[in-house]
Amino acid sequence: MAKVSIPKGTRDFSPEEVEKRNFIFNTIREVFVRYGYRPIETPTMENLSTLTGKYGEEGDKLLFKVLNNGDFLSKADEAALNNRDSNQLIASISKRGMRYDLTVPFARYVVMHQNDIAFPFKRYQIQPVWRADRPQKGRYQEFFQCDVDVVGSNSLVYEAELVQIYDEVFAKLGMDVEIKINNRKILAGIAEAAGIADQFMDMTIAIDKLDKVGLQGVQDELRKKDIPESAIATISKILEVKSLGDLKPHFANSPSGQKGIEELETVYEYFDASQAANEVNFDITLARGLNYYTGCIFEVKAKNVQMGSIGGGGRYDDLTSIFGLKDVSGVGVSFGAERIYDVMEELKLFPEQTGTSLKVLFIAFDEASHRYAFRCLNKVRAAGINSELYPEPVKIQKQMKYANARQVPYVVLIGTNEVDSGLLSFKNMESGEQEKLTLDQIIGKIK
RNA sequence: GUGGUUGUAGCUCAGCUGGUUAGAGCGCUGGAUUGUGGUUCCAGAGGUCGCCGGUUCAAAACCGGUCAUCCACCCCA
């Protein structure tokens, strides 16, 4: 066998898999459209300068860079090349990179097309993204994201709407999930209350790990970042809070914290949690790594299965200002299609028929019948029925085995008897029953 | 980037403390069955044991390296 392979972290998809994936995409798209979002697409490659610095240091490492065309080494940074300094070298040999997510390209899109856009602009985008991560369970180097975002409005009605979209999509897919919600301002409030506003990022990264490493682990992490014991004590106390109401006293001296609570309360006023199919919970430990979030943040976890988050998002007040457009606030969420697929597969949640598969296979006994069968086939196809003719009039056993392999519900057998009488042998492959019918009767039966 | 796991037929895997012709199930091809599939029975094809090197009389097995894979960490969908 030839030693062929595909790059690590990438996958081929069989017809069945593509059909199942499309089922997910179609379900998601349907909901997006009903909520008034419109599709856009952006290029696979962006200018590297568009991507770098938007995802934090870790994110920059995971960016796929595209080598410049032509004799790129002749123009390479001499010093960096001699020093074997890859990081320095990149700027001079690569000017493009592959999409890391859909949010940053969207921000770039909004800035570039700001004069053609009516705000608030609601768009959705379903495209693959690439990350040079080491693959593992639920993690690939190439995967699809399904993003919905709205920019150009501060209204918290959109936060509520996005939670509703999450709830509705997962209900439609038959998945039981927990939708977690928090607010970056609340996290900022914790930092303020603890007197470590300047170490906000270190603090959130530590807090984010609470469900994994426990309170003790978080405290250790905080100590490692040289956060004073008094602050750690304050943070620990706040982390025990379970409801927004209990949080208020802690934020007496923190305007950010108060604002965060107020925003979440407003979202809850819009969003009727009692009507939700899934749990929607305030989770003070939810932090999220992407550093452009400024307000509400969301994350979705599948229940009854071990899997990382299957969706996430939040509000970003300032993303477009990086590209020169100020005061355009945005909020959006993302669905991780690959992980949703893996969860649905594990829990066997896919409906039996996700594809538009073959309905009938024509089988001929001899050359003359084969030609006759082909003409029948065309009529059936014209009637809108997915159908096929076995390419040669070979042994019936072989043709029938093919019908089994394709899982065709009906087979039409045509030999000299059928050609002469015009009555075709119509066989139900599941029951094994067979009857003689005209082609029109057969079309009527299948439709 | 760090740590670990696994790599044997198309697929899933077995192969004992190293021992002579490397196995099973499924799948595939042909036949029993020249106008009827799924069930059954018979026969057959198919393997440089990931790759390179070392130890040994002898390596699929032991050792080193390398590549790939999966898993965990970091981070994330």
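What you see below is based on every heavy atom in this structure, not just the backbone, and it leaves out hydrogens, waters and symmetry mates. In what follows, every chain begins at residue 1, and chains take the letters A, B, ... in the order their sequences are listed.
- Residue contacts for A/K61: at a heavy-atom cut-off of 4.0 Å it reaches no nucleic acid atom on any strand shown.
- Counting to the nearest Å, the P atom of B/C75 and the CG atom of A/D208 are 8 Å from each other.
- Using a 4.0 Å heavy-atom criterion, one finds that A/L413 contacts the bases of the nucleic acid, with or without backbone contacts as well.
- Of the N and O atoms on the side chains of A/N378 and A/R375, not one donor lies less than 3.5 Å from an acceptor on the other residue.
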So A/K303 and A/M175, side chain to side chain contact (heavy atoms under 4.5 Å, CB included) or not? Walk me through it. CA-CA 8 Å; A/K303 297 173 109 173; A/M175 287 175 67; over 6 Å; no

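- When distances run from any side-chain atom of A/I396 to the nucleotides B/U36, B/G3, B/G37, the shortest one goes to B/U36.
- Using a 4.0 Å heavy-atom criterion, one finds that A/K301 contacts no nucleic acid atom at all.
- The nucleotide whose nearest atom lies closest to any side-chain atom of A/Q434 is, among B/G37, B/A77, B/U36, B/U36.
- Between A/Y35 and A/E168, the side chains place a donor N or O and an acceptor N or O closer than 3.5 Å (distance only, hydrogens not considered).
- In the set B/G38, B/G35, B/C74, the nucleotide with an atom closest to the side chain of A/K401 is B/G38.
- Using a 4.0 Å heavy-atom cutoff across all strands shown, A/G432 reaches at least one base atom of the nucleic acid.
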Determine whether A/L361 and A/Y402 satisfy the following criterion, side chain to side chain contact (heavy atoms under 4.5 Å, CB included), listing intermediate values before the conclusion. CA-CA 9 Å; A/L361 177 73; A/Y402 180 73; 4.0 Å; yes

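- Nearest to the side-chain atoms of A/E58 among the listed nucleotides B/C75, B/U33, B/U29 stands B/C75.
- Toward the 5′ end of RNA chain B lies the nearest nucleotide of A/E418, the other residue of the pair A/E418 and A/G312 mapping further downstream.
- As rounded to whole Å, 17 Å separates atom P of B/A68 from atom CD of A/Q136.
- Note on A/G308: nothing from the nucleic acid sits closer than 4.0 angstrom, heavy atoms only.
- The one candidate from A/Y37, A/Y270, A/Y166 that meets the side-chain hydrogen bond (donor to acceptor under 3.5 Å, both in side chains) condition with A/E161 is A/Y37.
- Within the 4.0 angstrom heavy-atom criterion, no nucleotide atom of any strand lies near A/G59.
- The side chain of A/K8 lies closest to B/U69, out of B/G37, B/G35, B/U69.
- Judged by ring centres under 5.5 Å apart and planes tilted less than 30 degrees, A/F335 fails to stack against the six-membered base ring of B/A77.
- Among the protein residues, A/Q399 comes within range of no part of the nucleic acid, since none of its heavy atoms lies under 4.0 Å from any strand.
- Going from the P atom of B/C49 to that of B/A59 covers 12 Å, rounded to whole Å.
- Taking the side chain of A/K398 as heavy atoms from C-beta on, and the options B/G37, B/A77, B/U29, the nearest nucleotide is B/U29.
- Between A/S334 and A/K436, the residue anchored closer to the 5' end of RNA chain B is A/K436, taking for each the nucleotide with the nearest heavy atom.
- Regarding contacts with the backbone of B/G35, every side-chain N or O of A/K427 stays at 4.0 angstrom or more from both OP1 and OP2.
- Minimum atom distance to the side chain of A/Y140 is reached by B/A77, of the listed B/A77, B/C75, B/U29.
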Canonical and wobble pairing (Watson-Crick, G-U, under 3.5 Å) of RNA chain B, dot-bracket with |: ((((.((..((((.....[...)))).(((((.......))))).....(((((..]....))))))).))))....

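- At the phosphate of B/G37, neither OP1 nor OP2 sits under 4.0 Å from any side-chain N or O atom of A/K395.
- Nearest nucleotide to the side chain of A/Q397, out of B/A77, B/C75, B/U33: B/U33.
- Residue A/Q141 is out of contact with every strand shown, counting any heavy-atom pair closer than 4.0 Å.
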